[in-house]
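These notes concern the structure reproduced below.
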Amino acid sequence: MRAIGALFALDLVSIPTINAFRRLATSMDKFSKVASEEFLKLPRISLRSCEMYLSGSHNLAYFLRVTPHPLRSPARAYCLYASKRNFVDCFHEIQDLIEGDRGGGSGGGVAGFSTYEALVNACIGLKSIRGARRVHGYMMRSGYEADLYLANRVLLMHVKCGMVGDARKLFDEMPERNLTSWNITIGGLVDGGEYWEAFGLFLMMWGEVSDASSRTFVTMIRGSAGLGEVFVGRQLHSCVLKMGVHSDMFVSCTLIDMYSKCGFIEDARRVFDGMVEKTVVGWNSIIAGYALHGCGEEALGLYYQMRDLGVKMDYFTFSIIISICARLASVEHAKQAHAGLVRQGFVSDVVANTALVDFYSKWGKIEDAQRVFDGMSVKNVMSWNALIAGYGNHGRGIEAVEMFERMVSKGLVPSHVTFLAVLSACANSNLSDEGWEIFESMSRDHKIKPRAMHYACMIELLGREGLLDEAFSLIEDAPFSPTKNMWAALLTACRIHRNFELGKFAAEKLYKMEPEKLSNYIVLLNVYNSSGRFEEAKSVIQTLKDRRLRLLPACSWIEVGKKPHFFLFGDKSHVQTEEIYKKLDAVMLEIRTEGYVPVGKHLLPDVEEQEEHISSYHSEKLAIAFGLVSTPSFTPLQVVQGHRICGDCHDVIKLIALVTRREIVVRDASRFHHFKDGTCSCRDYW
DNA sequence: GTAGGGTTAG
C-alpha cells in the first residue's frame, strides 16, 4: 500500500510492499508476468525501473501516445491506466493512501499536486461523476490548496463529468480566475445546452475582464448554433472580425458549422472559401453542412475535391460520407469510402462503422450490415439501434426483437431511439404480442416515457390488424396531444382497411397540422378511390387544385455500372429509352400470364391525367426495366425512390421479381420493399 | 509543469 502511495507521490525511495504489487499484477492481467516477477525482485524501486515496468504494457504505451500532453511521470500514467481499467480499485488505493497520511502514518506518501492532477485527468478521461466527487472530496477534506492551474483542471473535471451546476458554483467561489476559468465554465454551460445562461456569463465576462479569446468565441458561436439563432451568430462573427481572430481555424470551422446548422449554407460556404488554410475539420464541416441541407451531390463533389487536393482525411470525413451515401443509397461512393476507411486505419471507429451498418441496411444489404456490426470491436447503443432499425425496415421483425433482447441482456441501456427501432420493427412484421410487451416495458422496466413516435408505431401495429377503433382510442388516451405521425399512422390503416369515415377524420386533422403536405391528400384520395367513393375523391382533387398543390415529379434511381441513373414519370430522356420501354412492355405482358390485372384504383392522382395506362410508366418501373436490360440475369436490383410506391407498381414488381427470378429491393419514402418470389417483405402494408 | 476551443453515426 505504501509502495503505491509512494508511486503516486513520486517519492520512490521506500521499499515496496511486495503484496501491494502482487495485487497490482493480478489486477492487471495484461502486464507481462515475467516483467512483474523481475520487477518484484528488485530491492529498490527507482523511477526508472517503474517506468520500465509500466512501459511493458501495451495499453500504457497507447495511453502515453494518445494523451495530448505527454504524461510526464509514471505515476500519472499508472493512475490513468489503473483508473481506466478499474476505477473503483484505483480509488480504493488512493483512499487508503490519503487516509493513511491523515492518520500520521510514516512514509511521506502525500497526495500532492501530481496525485491530484493525475486523478483529475483520469476523471476527465473517464467522465466519472462518482470519481470526480470523490477526488474533489479528498482535496477539500485534506485542506489542499490548489493553485490556479489545478483549480481550473478541477473546474474542467466537473464540466466534463456533466456537473455543470457544481462547476458554476465552484467558479463563483474561486478566489482567483483567469480567461481559462471563464472559458471552461462558459463551455460547460454550452455543452449542457444552457445557451442563454452561457450568454449571460459571456456578457458578464465582457464587463468584468473586458477580454475574450478566440476560444471564447468558438464556444459562443457553438452556443448560437445550439440556439439555432443566426442573428446571434452573426453578431459574434462581427466581433470576431473586430478582434482580428477571424483567421483562427477553430473560429472558421465553428462559423461554418453554425451557419449551416442555422440554415445558411451560403454563408457557411463563404467562410469556408475564405479560410486561408483549409484544415480537414473545415472540409468536414462544410461537407457535413451540405449533407445537412440535403445536397448530397454537392457534398460528394467537395469530398472528391478534397481528395484531389491531397487533404488527409480522417474518420470524421468517412463517417460523413458514408452517412450521405446511406441517404443516397449510392453504392459506389460508399464502397470507396469504406475502402478509404480501411486503408487509413480507421477500421475500429465506432461512428464510421455505425454509419456503415446504417448504409448497408439502407442499401438493402442487411446481411452485410450484420457482418460489419459483428466485426466491430467497439459498439455502443447507436450501433445496436442502427442494426435493429435495419432489420425492422426490411420486415425482419423477429431478428430485430432478438437483437433488442440480446442488447438488453448485455447490459446496454436502450434509448428512446432503440424503442422506436424495435417497435417499428414489430409493427412492420405484425409482431403484436412482442410489440405490446416491449411498449409496456418501456416505462415499467426502462423508465423511458413513450413519445409520440412510439405511439405511432403502436397505432400502426393495431392498424395492421384492422383494430381501427382501438388505434383511435390509443390516440385519444395518449398522455399528450396527438401528433401528425399518430394521425398519419391511423390514416394509413384506414386506407388499407377502407374505413373512409375514420380516414377522413384523420386526414382532416392532418390537413390542419400540415396543410402544405401533399402526401396526406394523396393517402385520403387512395382511401376514397379504393372504396369506390369517386365523388369524394373528386372533391379531394378539387381541394388540391384550390390550394395550388401540385405533385412534385416522382423520381427513382438505380445504380448501374458505378453510375446512378435517374428516371422521372414517363421519362424518355435516357439514352436507352427505346430499349427500356420495350423491355417494360414485354415484361408487363409476361406478368399478365401470372394473373396481373392493371388496377385503376391504386392510381396515384396525377390530377390532370387520371388514365389507366399511366401507371405503367411510373418512374420505379422504368428504373427496374433499365436494371433488367443492363445487368446480367438474376442480378439483384436496388432501386431508390423519393415517394411512396403505388399499389400498382407494388403488384407489378412482386410479379417481375417472380418471373425474372431476381431479388428487387425498392427503398421508398417510408420503408424497404424486399421483393422475392412474388412476395414483398412489407406484407403489402405501407 | 500551465490548462480551455471546431467537424461524425441511430
Side-chain angles (χ1 to χ4, degrees), chain A residues 68-73 76 113-114 117 120-121 124 147-157 159-160 178-188 190-191 212-223 225 245 248-258 260-261 268 271-272 275 279-289 291-292 313-327 341 346 349-359 361-362 369 373 376 379-390 392-393 414-422 424:
Chain A
H69 298 280
L71 293 165
R72 293 164 203 96
S73 72
R76 285 182 220 170
F113 180 89
S114 302
E117 195 202 13
V120 167
N121 283 342
I124 292 171
D147 61 3
L148 184 55
Y149 164 73
L150 196 55
N152 280 341
R153 293 298 292 175
V154 170
L155 196 60
L156 184 71
M157 172 175 77
V159 161
K160 292 286 177 200
N178 58 9
L179 264 184
T180 308
S181 330
W182 287 94
N183 288 344
I184 291 171
T185 315
I186 295 174
V190 168
D191 285 339
S213 63
S214 62
R215 291 178 146 90
T216 324
F217 285 109
V218 165
T219 309
M220 292 319 303
I221 295 166
R222 204 153 53 85
V245 287
D248 182 298
M249 54 192 177
F250 285 93
V251 171
S252 308
C253 295
T254 329
L255 279 172
I256 295 172
D257 185 54
M258 183 274 295
S260 73
K261 284 198 175 127
V271 176
F272 174 74
M275 276 179 88
T279 60
V280 60
V281 183
W283 284 96
N284 292 346
S285 306
I286 190 73
I287 291 174
L292 190 71
M313 298 169 183
D314 61 6
Y315 52 93
F316 274 85
T317 322
F318 294 116
S319 306
I320 299 163
I321 295 303
I322 292 166
S323 70
I324 292 171
C325 294
R327 244 169 298 156
L341 194 77
F346 301 125
D349 180 63
V350 209
V351 179
N353 277 294
T354 301
L356 271 175
V357 170
D358 183 44
F359 163 74
S361 86
K362 287 206 173 107
F373 182 85
M376 286 169 74
K379 297 173 186 125
N380 60 22
V381 176
M382 288 195 189
S383 326
W384 285 88
N385 293 351
L387 188 71
I388 294 171
N393 287 333
S415 69
H416 70 272
V417 184
T418 317
F419 284 106
L420 191 57
V422 71
S424 93

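Below, read A as the first sequence line, B as the second, and so on, with proteins coming before strands; counting in each chain starts at 1.
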Under 5.5 Å centre to centre and under 30° between planes: does that hold for A/Y149 and the six-membered base ring of B/dT2?
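Not stacked: fails the 5.5 Å / 30° test.
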
Any stem touching DNA chain B, meaning at least three consecutive Watson-Crick or G-U pairs under 3.5 Å, ordered by first number, would be none

What does [X] touch in the nucleic acid at a heavy-atom separation under 4.0 angstrom: a base, only the sugar-phosphate, or nothing?
X      : value
A/L155 : nothing
A/N353 : nothing
A/S252 : nothing
A/S181 : nothing
A/D358 : sugar-phosphate
A/L179 : base

Has the side chain of [X] got a donor or acceptor that lies under 3.5 Å from a partner of the other kind on the base of [N]?
X      : N     : result
A/N385 : B/dA9 : no
A/S285 : B/dG6 : no
A/D248 : B/dG5 : yes
A/T216 : B/dG5 : no
A/T279 : B/dG6 : yes

Please list, chain by chain and in numerical order, all residues satisfying side chain to side chain donor-acceptor pair (under 3.5 Å) with A/T354, sequence neighbours excluded.
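By the side chain to side chain donor-acceptor pair (under 3.5 Å) rule, A/T354 matches A/S383.
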
Return yes if a side-chain donor-acceptor contact under 3.5 Å exists between A/N183 and A/T180, otherwise no.
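Judged by distance alone, the side chains do not pair up.
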
Assess, by modelled atom type and distance only, whether the side chains of A/D257 and A/T254 contain a donor and an acceptor separated by less than 3.5 Å.
no

Can you find a heavy atom in the side chain of A/I124 that is under 4.5 Å from one in the side chain of A/R153?
yes

Any residue meeting side chain to side chain contact (heavy atoms under 4.5 Å, CB included) with A/T185, in chain and number order, not counting sequence neighbours
A/L155, A/R168, A/F171, A/L201

Do the ring planes of A/F272 and A/W283 sit parallel (below 30°), tilted (30 to 60°) or perpendicular (above 60°)?
perpendicular

